[in-house]
Amino acid sequence: MSPPISISEAKTSYPIFAATFAHNHAGYLVVGGGGGAGRSGVGNKITAFDVSSRAPKLEPSAELELSRDEDSVTCLANLATKDGLVLYAGLNSSPADRDANKNEHFRSFELEYPKKKQSGKNEKVTSQSSEAKISFLSKTSLLKAPESVAAKKDGYQRLLRLSRPKRSANGSKRIGAIASSLAGQENEVVVFNATTSSPRAPGDIIQRISPHHGEEANDLDILEPEDGEFKLVYCTDYSVYTADISYDFSKKKSQEKLEPPRSKYSVPFPDVFEKKGRNKIRCVRWLSPSHILLLSNSPNRTGAELQILRLYGDTMGSITYRKTLPRHIKQATDLDVCALDADDHGAYQIVIGVAGADCSTSIFTIDYKGIAKNSLSGFSHYNTVRDVHPFQITKVVFSPFFSPWTAPNAEKIKQLGPQYLRLASTSLGNTIVVDTMTLQPASKKSRSRFILGAPGSRANKLASYFLALIVLLVSIMLAQPLVDPDGRWTQALVPESIRNVVSSFNPIEVPMDDARAAAHSAIPEAVREPIARTSHRLRDLLHPHHSEKHKNDGNTKALIVRADPETDYMLSTEVHDGPEAVVQQHTEAKRWEELNHEERSWWKEKLTSAGAWTVDEGETVLKSIFFGQIGGFVGQMAQEVLNG
């Protein structure tokens, strides 16, 4: 069996700023960088490596030296060809050309893979292979010519991103986006047609976007949910914007009128009395058409976190999940994701790679639960490696992954070989590290989708923690007569559901709420129907029923949220005339402050998945709400843990 991770290393003669994996040959990695214009001793180059061997030390398979009068390579992306790749690169012209208002910053190169040579009469025996080769194709400008002196001198193409390729008839029809930096009020995001080796302006330009107030895009990404229908996302320091792009490749024009990008999220300001500043958004990636992953850094290098931005149609989105990165990561420098293959229900796993300023790389996974549920699991940590590079990491990039069952010759596969996912990281210290991870089938079913990590490993780990917690709580209950005769500490630490189970073995009984039990038995069955049902956000439901007008009239309503086990714990909300009405009809209901820690965590996950509540809203909004006590709550929790 293949090891979970194998590590390959390589070294160049220049600092690396850009990297991209080939999409038609996941074993080919191309990097670029250099010392820039006029820096003696450090050239500007593009280098290709064949990493498919997983050898500990990698040697270049092709390299192209660029002019030392021009800038270094800042970004890379690629298109697949029959015999290799077309490489797009961001690369500024010389200072003299820029002063003359001629900055041909968008370059195209061709990488030819080694060709196998045949020997023998029937030419079936491979004797040797030719060397790979990188050659120049074209250069042009897609950004508008800057007008200010500062923009001409300092502005450059910082970002380059293409829509993800697909194994389909339209898989080669892709669009791209570039973004400029250090151009002040003239910064741009330009969306272009990426079906040609040499895109040109204006014919291949789809849309030009000017970030607000002279800001610049820190990162961008493109998703294609349906053929020809694209979604663009880009972020500035404190905001996230999205745009929908419908493009007809045959006519080279948009199918619909392009609207300006819409703001979907703004980093909240801290409280007035807090001295800390706002987090800055470093990177963005699409996880699904409704979910965007953000990587943000805390002020003053005090930490970093991953956030899930949930989109709600035309309204602003909200943060539904947060993952604080380990303390040793004071700041994150880069992010990439790889969406693995999906099953018949549209469920798939997303692998996340994060580079820390401490030269570490961390890998996490998150599961998209399918189109019907349209929700995500929590983050799971897979691996962290410290001191990967001697100097700051500049780029992390995943190799693409396509299911072997969608390959052209899939029907001929008799025994499937190992499937790999690679994460490459580069640094200012001229180093490259490639982690090769072995993927596993998600189930024992034929043609199962793939995941990172052995099936059930996460569930078994969580189940062990949960079982240990149960044993601890039961031990506390059994020791109660000796260490806690009054039961005050036990009630605070042990959930009521566990106390009820243990009470049959414990001589000290937990008293029942006789008033609630009597009220429940006195209510006729015909009256036990909810007064109103809805699926809106909790804050929107509370506002009209807790206004000053209702308080003065003594008509404040009460809200209860329930989860039905028969419908996969789908949430329903009911509005009642007051707290007394809730207690009469739902004897098991509890206020938020009456719930224990485990119950609150369970409810938070369900509420965020349903879009009824977000982390940013805080728990204050929940304190006036009743929650229906779930039958067999602990058993249900254990089952969910076992199911991952």
Side-chain angles (χ1 to χ4, degrees), residues 17-18 20 32-34 36-38 44-46 64 66-79 85-110 134-163 174-211 214-220 222 232 234 243 245 247 249 252-254 258 261:
F17 301 108
T20 181
N44 303 314
K45 297 180 181 180
I46 296 177
L64 177 66
L66 307 173
S67 171
R68 296 197 180 193
D69 295 329
E70 297 185 320
D71 209 346
S72 60
V73 177
T74 57
C75 49
L76 282 170
N78 71 85
L79 301 175
L85 300 174
V86 169
L87 297 170
Y88 291 156
L91 171 60
N92 262 7
S93 296
S94 66
D97 287 341
R98 297 204 302 273
D99 290 340
N101 222 16
K102 187 180 179 182
N103 184 11
E104 295 174 307
H105 59 85
F106 192 92
R107 311 294 175 95
S108 296
F109 302 88
E110 181 181 20
I134 303 176
S135 57
F136 171 79
L137 288 179
S138 66
K139 58 182 179 179
T140 188
S141 178
L142 299 183
L143 297 168
K144 287 183 178 179
E147 297 180 1
S148 68
V149 175
K152 290 179 182 180
K153 179 181 179 181
D154 300 325
Y156 70 102
Q157 177 188 321
R158 178 172 173 264
L159 302 175
L160 168 60
R161 189 80 179 169
L162 302 184
S163 59
R174 303 164 66 187
I175 68 171
I178 61 174
S180 59
S181 178
L182 300 182
Q185 297 292 332
E186 300 179 72
N187 279 320
E188 275 191 297
V189 174
V190 179
V191 184
F192 63 94
N193 174 12
T195 59
T196 173
S197 61
S198 303
R200 299 288 178 179
D204 291 309
I205 301 299
I206 300 174
Q207 187 177 18
R208 292 185 182 274
I209 300 168
S210 298
E215 297 176 313
E216 64 180 61
N218 290 340
D219 197 16
L220 51 81
I222 304 172
L232 170 72
Y234 72 90
I245 300 171
Y247 190 71
F249 288 93
K252 282 194 171 184
K253 61 183 296 186
S254 301
L258 295 175

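Keep in mind that the numbers below use all heavy atoms, side chains included, and drop hydrogens, waters and symmetry copies. Along the sequence shown, the residues carry numbers beginning at 1. Everything numeric in this text was worked out from a predicted model, so none of it was measured.
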Look only at the side chain of [X] and the backbone of [Y], and say whether a donor-acceptor pair between them is shorter than 3.5 Å.
| X | Y | value |
| --- | --- | --- |
| Asp97 | Ser93 | no |
| Arg158 | Asn218 | yes |
| His105 | Thr140 | no |
| Ser180 | Gln157 | no |
| Thr196 | Pro199 | no |
| Asp99 | Ala96 | no |

Minimum heavy-atom distance [X]-[Y], with the two atoms named:
| X | Y | value |
| --- | --- | --- |
| Asn92 | Gly155 | ND2-O, 3.0 Å |
| Tyr234 | Ala217 | CD1-CB, 4.1 Å |
| Glu216 | Ser181 | OE2-OG, 2.7 Å |
| Ser138 | Ser197 | OG-O, 4.3 Å |
| Gly32 | Leu76 | N-CD1, 3.6 Å |
| Cys75 | Leu159 | SG-C, 3.9 Å |

Would you tell me whether Thr20 and Asn78 have side-chain atoms, one donor and one acceptor, within less than 3.5 Å of each other?
->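 Looking only at side-chain atoms, Asn78 and Thr20 do form a donor-acceptor pair, the distance falling under 3.5 Å.
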
Could you walk me through whether Lys152 and Asn101 pass the side-chain contact (heavy atoms from CB on, under 4.5 Å) check?
-> CA-CA 7 Å; Lys152 290 179 182 180; Asn101 222 16; 3.6 Å; yes

Classify the ring geometry between Tyr88 and Phe106 as parallel (under 30°), tilted (30 to 60°) or perpendicular (over 60°).
->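 Answer is tilted, since the angle falls between 30° and 60°.
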
Take Arg98 and Glu104 through the test salt bridge (Lys or Arg N to Asp or Glu O under 4.0 Å) and record every step on the way to the result.
-> CA-CA 9 Å; Arg98 297 204 302 273; Glu104 295 174 307; over 6 Å; no

Could you give the distance from [atom1] ([X]) to [atom2] ([Y]), rounded to the nearest 0.5 Å?
| X | Y | atom1 | atom2 | answer |
| --- | --- | --- | --- | --- |
| Ile245 | Ile222 | CD1 | CD1 | 7.0 Å |
| Leu162 | Leu79 | CG | CG | 6.0 Å |
| Arg174 | Phe192 | CZ | CZ | 9.5 Å |
| Lys102 | Ser94 | NZ | OG | 9.5 Å |
| Ser72 | Lys45 | OG | NZ | 13.5 Å |
| Asn187 | Ile209 | CG | CD1 | 13.0 Å |

Phe109: what forms a ring-ring contact (aromatic ring centres under 6.0 Å, His included) with it, not counting sequence neighbours?
-> Phe136

Would you please name every residue forming a ring-ring contact (aromatic ring centres under 6.0 Å, His included) with Tyr156, sequence neighbours left out?
->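 Result, ring-ring contact (aromatic ring centres under 6.0 Å, His included) vs Tyr156: none returned.
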
Intermediate values then yes/no, side-chain contact (heavy atoms from CB on, under 4.5 Å), Ile206 and Ser254 | CA-CA 7 Å; Ile206 300 174; Ser254 301; 3.9 Å; yes

Any chance you could lay out the side-chain contact (heavy atoms from CB on, under 4.5 Å) test for Leu220 and Ile178, step after step, and finish with the verdict?
-> CA-CA 8 Å; Leu220 51 81; Ile178 61 174; over 6 Å; no

Any Lys/Arg nitrogen of Glu186 or Lys144 sitting under 4.0 Å from an Asp/Glu carboxylate oxygen of the other?
->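 No, no charged N to carboxylate O under 4.0 Å.
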
Going by an N to O cut-off under 4.0 Å, is there a salt bridge joining Asp204 and Lys252?
->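 Salt bridge: yes.
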
Please lay out, stage by stage, how Leu142 and Ile205 fare under the test side-chain contact (heavy atoms from CB on, under 4.5 Å).
-> CA-CA 8 Å; Leu142 299 183; Ile205 301 299; 4.0 Å; yes

In a check of side chain to side chain contact (heavy atoms under 4.5 Å, CB included) between Leu91 and each of Ile46, Thr74, Asn44, Leu66, which one passes?
->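 Considering Ile46, Thr74, Asn44, Leu66, a side chain to side chain contact (heavy atoms under 4.5 Å, CB included) with Leu91 is found only for Leu66.
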
